[in-house]
Amino acid sequence: MLPHKQIELKLQAAVREILPDADVSAVLVRPCEPKFGDYQSNALMSLAKVRKMNPRQLATDTLAKLDVSELCAKVEIAGAGFLNFRLKNSVLAQTLEAAARREHLFFDQAAQPKTVVIDFSSPNVAKPMHVGHIRSTGIGDALQRTLRLLGHTVISDNHIGDWGTQFGKLLLGWKQSLDRAAIERDAIAELERLYKLINAECDANPARLEEAKAELVKLQAGDAENISIWKEMIRLSQIQFDTIYSRLGVKFDFALGESFYNPWLGDVVSDLMQRGIARESEGAVGVFSDGSLLPKEDPFLVNRDGEWIADPALVRKSDGGFNYTTTDLATIDYRLKTWSPDEIVYVVDDRQGPHFKKLFLIFARWQSAAANKVKLVHVGFGKIMGDDGKPFKTRSGDTVKLGDLLDEAEERAYKIVSEKSAELPESQRKEIARVIGLGAVKYADLLPNRQSDYIFSWDKMLALQGNTAPYLVYAYARIKSIFRKAESGKRKAEIALAAPEELTLAKHLLNFGITLEAVADELRPNYLCNYLFELAGKFTSFYENCPVLKADDAATRDSRLALCDLTARVLKQGLETLGIETVEQM
RNA sequence: GCGCGCGUAGCUCAAUUGGAUAGAGCGUCGGUCUCCGAAGCCGAAGGUUGUGGGUUCAACCCCCGCCGCGCGCACCA
C-alpha cells in the first residue's frame, strides 16, 4: 500500500477515536505544495466546523492519537487546522525500489471493485463518423481503460444508432436510386448521398415523405425485403466503424444497437401506462411531471410566459412508433438484469443533459428498487470549435469526417517528423507519424475539462512544446535513448535520493495512483493529462540538472537510471490509459 | 420568454472534498548546445477569476441579482 494511503488510514483511525460518530470517508490525505510538506489533510477543519469545535484544538487532539513516525519525518499543524505530512526519504526510496522490483507502479487496486457499464461512441448507421464522435469515443475509452487498470469490472457497450425514422428514407433511396458501383466503392458515401437525396425530395414533396414513412412501417412490421436491406446497411456501416475503432485502438465488449431493444419497447410503454407513470396525450404517450419536484427543478415542466406547462418525455408517438426515451429505458432494464452493474455511465454530448435528467427520473419511478441500487451518470462534454469560434467544419462548411481527420493528423505529423528526424527510414517515420498524429488528436480532446467547448488547432496539438501528446512521447523517447546508450549489466537496486530534482520527481511518481483514482471518481481524464505533463516537466528538470550516465559514481548512476525507468513506465502506462501509444525513438 | 451550461493573463486552456501566495503553453523580452536528444531547459513581464452583493476561519468553486456568449425547449436521436 502506498504511503499516503497508509497515512490516510492511520489518520482516519485517529479521527475515529476522537470523534466516534464522524464519517471518516471524507478524511483524505492529498499531495500539497512542497513548502508545506508532501501531503496535506484539510478534513479536520470541516469536521470541526459542523461540530462547532476549535479546528486547531481538534488537530492537536488528533495528532496526539496519530503515530505515523514510521512513514513521516514530520507532521505539523498549520494555518486554520491543516495537517501537513513530510515523508521520510527512506520511505520514499523504499516505495520506488518496490516499484523497480515490479511490485507496483504507484497505484493500488480498488479496495471495493465496482461493475460499471460505459456507454460511449454510439455512431449512426449509414452516416459517416464525424469529428464529434472523437469526444465520446476518446473520453469513453480513456474512462474504461482507467477503471479497468484500477481493477474495476467494465462492460463497454456501443449503443449504435441502427434504428429510427431515417431508415424510411434510406430504404426508399436504396430501392429507387442505389448506385451499385458507388456502394462497392464507398458504401457510407453512397448511403449518405441516398439519404440527402430523399430527404430533399421529402422536404419538397409530401407524397415522397408518405412513401418513406410507408417503407419505415414495413420495416417495423418485419417486411422481409426491408429487413434484409436494413441489415445490409448495418453490415456496411459496421465495416466503417471497425476500421475507425481499429485505428483508434478502441474496443467494445458489446455493440448492442438500438434495434436490439425493439422486442421490449411495447411492454415498457404498457407497463409505464399501467403504473400510471405514462399517459396518453394528443395521440402520443408521454411521461409527465409527478409534482414531486419544485417546478423550477422539474424537467417535465417548462415555463411559457410565466406559466408552468407540461414538457413530457414521449415514449410513444401518435403513429405508434417509439422514441429514444423508450429505447433508453429498455436498455437500462436490460443492462441491470444482465450485468447487475453498480454504475451505468453515458458518455454523451452535454446537449442531451435534459434527456438524461428525464430518463433517470422516469427509471426511478418505474423501478424504484432497482434504481436505488445503481448509479446512473451522464458524462457530458462540450463541442469542438474551429478557430473562428464556430463549430468545427471543413473549409466548404461540411462536417469533418473522422477518417479524414485522422488521415490529416498522420500526414501533418509525418511532415514534422520528416523535418526533424530526416535520418530515420521512411517506414519508421510513418509509424512515428501514426502514433504522434493519432495521439495528438486524442490528447487534445482529453486535455480540456470535458464540459467546456474547445478550439481545434492542428498547430497546438502537434506542437512539441506545451501540454501535448508529442511533448509527452518525446519525453518518453528521450528516456529510452538513455537506455540505448547505457551499458547493459547488473545494476544496484538501491535508490538514493539527494538532489532536489530527484526528490521532486520521485514524489510526483508516487501521486500516479491518486490521479488515476481522481479520474475514476470524477470521470475526468484531463486530470491524468495534467499529471503526465507535470511528470514530463519534472523529469526534464531532473534530466537537465542530474547527470545520469555521467554521474559521479556507479551507485548514483544506477539510482538515477532506476528513476528514469520508473518515469518511462509511468509515462507509458499513463499514455496507454489515455489510449495513446508511445515510440522508442522519434 | 423559460431552463441548462459557460465567462480565469493579449490568445488557448488548467486549478483533484470549499483549502494555503490562481497555474501551464503560445505570443513578447532575456539567458542557455566543445556536456546523456536544444523537438529541450531557465528567467522576466502579464490577473480585482464578467459584474454587484451574500455565506465561511477560508470562495474561481456555494447562494442571490445583473451583463455577455452558447445550447435546448413534445411525437429526430
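Convention: sequence-line order gives letters A, B, ...; per-chain numbering from 1.
Within the nucleic acid shown, Ser481(A) comes within 4.0 Å of at least one base atom, counting heavy atoms only. When heavy atoms are screened at a 4.0 angstrom cut-off, Ser318(A) is found touching base atoms of the nucleic acid. Heavy atoms of Leu314(A) sit under 4.0 angstrom from at least one base atom. Residue Pro547(A) is in base contact, counting any heavy-atom pair closer than 4.0 Å across all strands shown.
Counting only heavy atoms from C-beta on, Glu258(A) has its side chain closest to A77(B) among A77(B), A39(B), C41(B). Here the nucleotide nearest the side chain of Trp308(A), chosen from G40(B), G3(B), A14(B), is G3(B). In this structure, of A77(B), A15(B), A38(B), it is A77(B) that holds the atom nearest to the side chain of Asn323(A). Of the candidates C75(B), A14(B), A77(B), C75(B) carries the atom nearest the Glu282(A) side chain, counting heavy atoms from C-beta on. Looking at the side chain of Asp453(A), the nearest of the listed nucleotides G70(B), A39(B), C36(B) is G70(B). Distance from the side chain of Pro448(A) is smallest for A14(B) among the nucleotides A14(B), A38(B), C73(B). Nearest to the side-chain atoms of Asn303(A) among the listed nucleotides C36(B), C13(B), C2(B) stands C2(B). Considering only side-chain atoms of Asn449(A), the nucleotide from C36(B), U16(B), A14(B) that sits closest is A14(B). Of the candidate nucleotides A39(B), A74(B), C76(B), A39(B) has the atom nearest to the side chain of Ile416(A). Here the side chain of Ser421(A) is nearest to one of C36(B), C2(B), A39(B), namely A39(B).
Side-chain contact, Glu584(A) with Tyr476(A): a donor N or O sits under 3.5 Å from an acceptor N or O.
At whole-Å resolution of the value, NZ in Lys357(A) and C1' in A74(B) are 18 Å apart. Rounded to an integer number of Å, the gap from Asp349(A) CG to C71(B) C1' is 9 Å.
Around atom CG of Asp521(A), more than 12 heavy atoms belonging to other residues, nucleotides or ligands sit under 6.0 Å away. More than 12 heavy-atom neighbours from other residues, nucleotides or ligands sit within 6.0 angstrom of NZ on Lys358(A).
Contacts between residues 551-564 of chain A and RNA chain B, counted as heavy-atom distances below 4.0 Å, involve no residue at all.
Ring stacking is absent between Tyr324(A) and C76(B), as the pair misses the limits of under 5.5 Å between centres and under 30 degrees between planes.
When the C1' atom is compared between A20(B) and U56(B), the two are found 15 Å apart, to the nearest whole Å. For the C1' atoms, the distance linking U49(B) with C13(B) amounts to 14 Å, nearest Å. Between A9(B) and A15(B), the distance separating the two C1' atoms is 14 Å to the nearest Å. Going from the P atom of C62(B) to that of C6(B) covers 8 Å, rounded to whole Å. Only the P atoms considered, C76(B) is 27 Å distant from G70(B), to the nearest whole Å.
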Original post:
Which letters describe nucleotides 17-26 of chain B, given B = protein heavy atom under 4.0 Å from base, S = only from sugar-phosphate, - = neither?
Top reply: B-BBB--SSS
Original post:
What dot-bracket string describes RNA chain B from 5' to 3', counting Watson-Crick and G-U wobble pairs whose defining distances are under 3.5 Å, with [ ] for crossing pairs and | for pairs to another strand?
Top reply: (((((((..((((.....[...)))).(((((.......))))).....(((((..]....))))))))))))....
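Residue side chain Ser281(A) reaches the base of A74(B) through a donor-acceptor N/O pair under 3.5 Å, judged by distance alone.
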Which pairs would a plain distance check flag for residues 525-543 of chain A, meaning a side-chain donor or acceptor within less than 3.5 Å of a matching protein atom at least two apart in sequence or in another chain?
unit_1	atom_1	unit_2	atom_2	d
Tyr527(A)	OH	Glu522(A)	OE1	3.0
Asn530(A)	OD1	Asn467(A)	ND2	3.3
Asn530(A)	ND2	Asn526(A)	O	3.3
Tyr531(A)	OH	His508(A)	O	2.7
Tyr531(A)	OH	Leu509(A)	O	3.4
Tyr531(A)	OH	Phe512(A)	N	3.4
Thr540(A)	OG1	Ala536(A)	O	2.6

Please tabulate, for side-chain N and O atoms in residues 455-462 of chain A, each donor-acceptor pair with protein atoms closer than 3.5 Å (sequence neighbours left out).
unit_1	atom_1	unit_2	atom_2	d
Ser457(A)	OG	Lys460(A)	N	3.1
Trp458(A)	NE1	Glu408(A)	OE2	3.3

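The glycosidic torsion of A74(B) lies within 90° of 0, which places this base in the syn conformation. In this structure, C33(B) is classed as syn because its glycosidic torsion stays within 90° of zero.
Note that SG of Cys202(A) and NZ of Lys213(A) are 9.5 Å apart. Values are rounded to the nearest 0.5 Å.
With hydrogens and angles ignored, the 3.5 Å screen pairs a side-chain donor or acceptor of Ser452(A) with a backbone N or O of Asn449(A).
Counting only residues at least two apart or on different chains, the salt bridge (Lys or Arg N to Asp or Glu O under 4.0 Å) pairs with a member in residues 35-53 of chain A are Asp21(A)-Arg51(A), Glu33(A)-Lys35(A), Asp38(A)-Lys507(A).
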